[in-house]
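Below: the structure, in structure tokens.
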Amino acid sequence: MNLQIPLPTGFDFQECVNAHGWKSLAPFTWDADLKILSRVEQFAGQAPKLVRMSSSGSALIVEIDGTVPEVAARRLVERMLQLDIAMGDFHDYCKETDKLKHVPNSCQGRMLRSPTLYEDVLKVISTTNTTWAQTKAMVSRLVDNFGLPLLSDPSLRTFPTPEQLASVSFDDFAAKARMGYRSASVHKTATDIAEGRLDLESWSDPSIPSDDLYKRLLSLPGIGPYAASCLLIYLGRYHRVNVDSWARTLVGKEMGRKVTDKEVHEFFEPYGKWRALVYHFYPWRKDDDA
DNA sequence: TTCCAGGGGTAGA
DNA sequence: TCTACCCATGGA
């Protein structure tokens, strides 16, 4: 089945996909030549299906093998591409802010997300205290070992559900995932969700105050200030900068010396509620993959 | 061998 | 609130 979804003003499909490294994490695959984003997804008990996304003019084109519930397909794409998050106010702010005028001109601001907050949490944990190459390897092992295969191409799999991860013992999980000390946080999060103690998806509720949401995210195992701030961005809250080693490097260069996390926060404080987006789309970039 | 990478958790001050 | 230390993994 094919869907054509009208794109909001100020949205650019490629800018969204390339805004950070998520396109390189399984089960996403990004064809940079054809500009097609794909992943295997399971809809309501059906066999896994390949979902392909691209853009044409002012519409997003979604192609899915076979037939799936249209409402579910639209909801899936909306979350992944942050179509439910308005960017107008941020773009207006950038138009008036030195060094940020390229943001609205390029339709930047949205970042590719996973279909669930659960998947984003596991992936953010996989980025902490490691290299990007290892992050990609850890996430691929989650998918390859615990996801469901696409029948027409078993090399492609779904991202494992909480139930699928919880169904294996911790020792078995840790041995296959090889995520180091992160394995405990990942397996516990999945198990808590599967056993009904944690409802992460309800945290996408925009009525939750941003500070409360930050505290909730910090309560998750393996999620500290950096990871919680990353997740806030995906949830459309930009008041906290995700201070990582790169932020310290960049601000350190600006100030001509080594800086603390506190000083990095102070550096971005003038940008108010847009701080995290300003850091991300500031005209300084780390590399072309992340 | 040793260090450390898009940090987190904890103890002790 | 701040600092020091350890944490599994795998590449350099």
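Below, read A as the first sequence line, B as the second, and so on, with proteins coming before strands; counting in each chain starts at 1.
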Within the supplied structure, the quantity of interest is the number of heavy atoms (other residues, nucleotides, ligands) at a distance under 6.0 Å from A:Gln4 CD; does it exceed 12?
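No, CD of A:Gln4 has 12 or fewer neighbouring heavy atoms, counting only those of other groups under 6.0 Å.
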Value for NZ (A:Lys188) from CD1 (A:Ile193), rounded to nearest 0.5 Å, stands at 10.5 Å
* To do: Mind checking the OG1-NZ spacing from A:Thr67 to A:Lys49? Nearest 0.5 Å is all I need.
  =>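 One gets 8.0 Å once the value is rounded to the nearest 0.5 Å.
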Would you find a donor on one side and an acceptor on the other, under 3.5 Å apart, between the side chain of A:Lys123 and the backbone of A:Ala26?
yes
**Item:** Under 3.5 Å donor-acceptor pair, A:Tyr181 side-chain atoms to B:dG7 base atoms
**Value:** yes
Select base, sugar-phosphate, or nothing to describe what [X] touches, counting heavy atoms under 4.0 Å on all strands.
| X | answer |
| --- | --- |
| A:Leu220 | sugar-phosphate |
| A:Ile223 | sugar-phosphate |
| A:Ala174 | nothing |

When you compare [N] with [M], how far apart are their [atom1] atoms, in angstrom units rounded to a whole number?
| N | M | atom1 | value |
| --- | --- | --- | --- |
| B:dA5 | C:dC7 | C1' | 14 Å |
| C:dT3 | B:dG6 | P | 23 Å |
| B:dT1 | C:dG10 | C1' | 15 Å |
| C:dA8 | B:dC4 | C1' | 13 Å |

Self-check item: Residue A:Pro225, side-chain heavy atoms: nucleotide from B:dG8, B:dG6, B:dG7 that is nearest
Solution: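 Output: B:dG8.
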Taking B:dG7, B:dG6, C:dC2 as options, the one with an atom nearest any side-chain atom of A:Trp132 is B:dG6
Residue pair A:Cys230/A:Leu218 against DNA chain B: nearer the 5' end by closest nucleotide is A:Cys230
Can you check whether [X] has a side-chain N or O nearer than 4.0 Å to OP1 or OP2 of [N]?
| X | N | value |
| --- | --- | --- |
| A:Ser245 | B:dG7 | yes |
| A:Arg178 | C:dG10 | yes |
| A:Arg248 | B:dG7 | yes |

Output the rounded distance in Å from [atom1] ([X]) to [atom2] ([N]).
| X | N | atom1 | atom2 | result |
| --- | --- | --- | --- | --- |
| A:Gln134 | B:dG6 | CD | P | 10 Å |
| A:Met138 | B:dA5 | CE | P | 14 Å |
| A:Asn129 | B:dC4 | CG | P | 12 Å |

- Indicate if A:Tyr282 and A:Tyr238 have the same hydrophobic cluster label, given that clusters are the connected sets of ILVMFWY residues with side-chain heavy-atom separations under 4.5 angstrom.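 The answer is yes; both residues are in one hydrophobic cluster.
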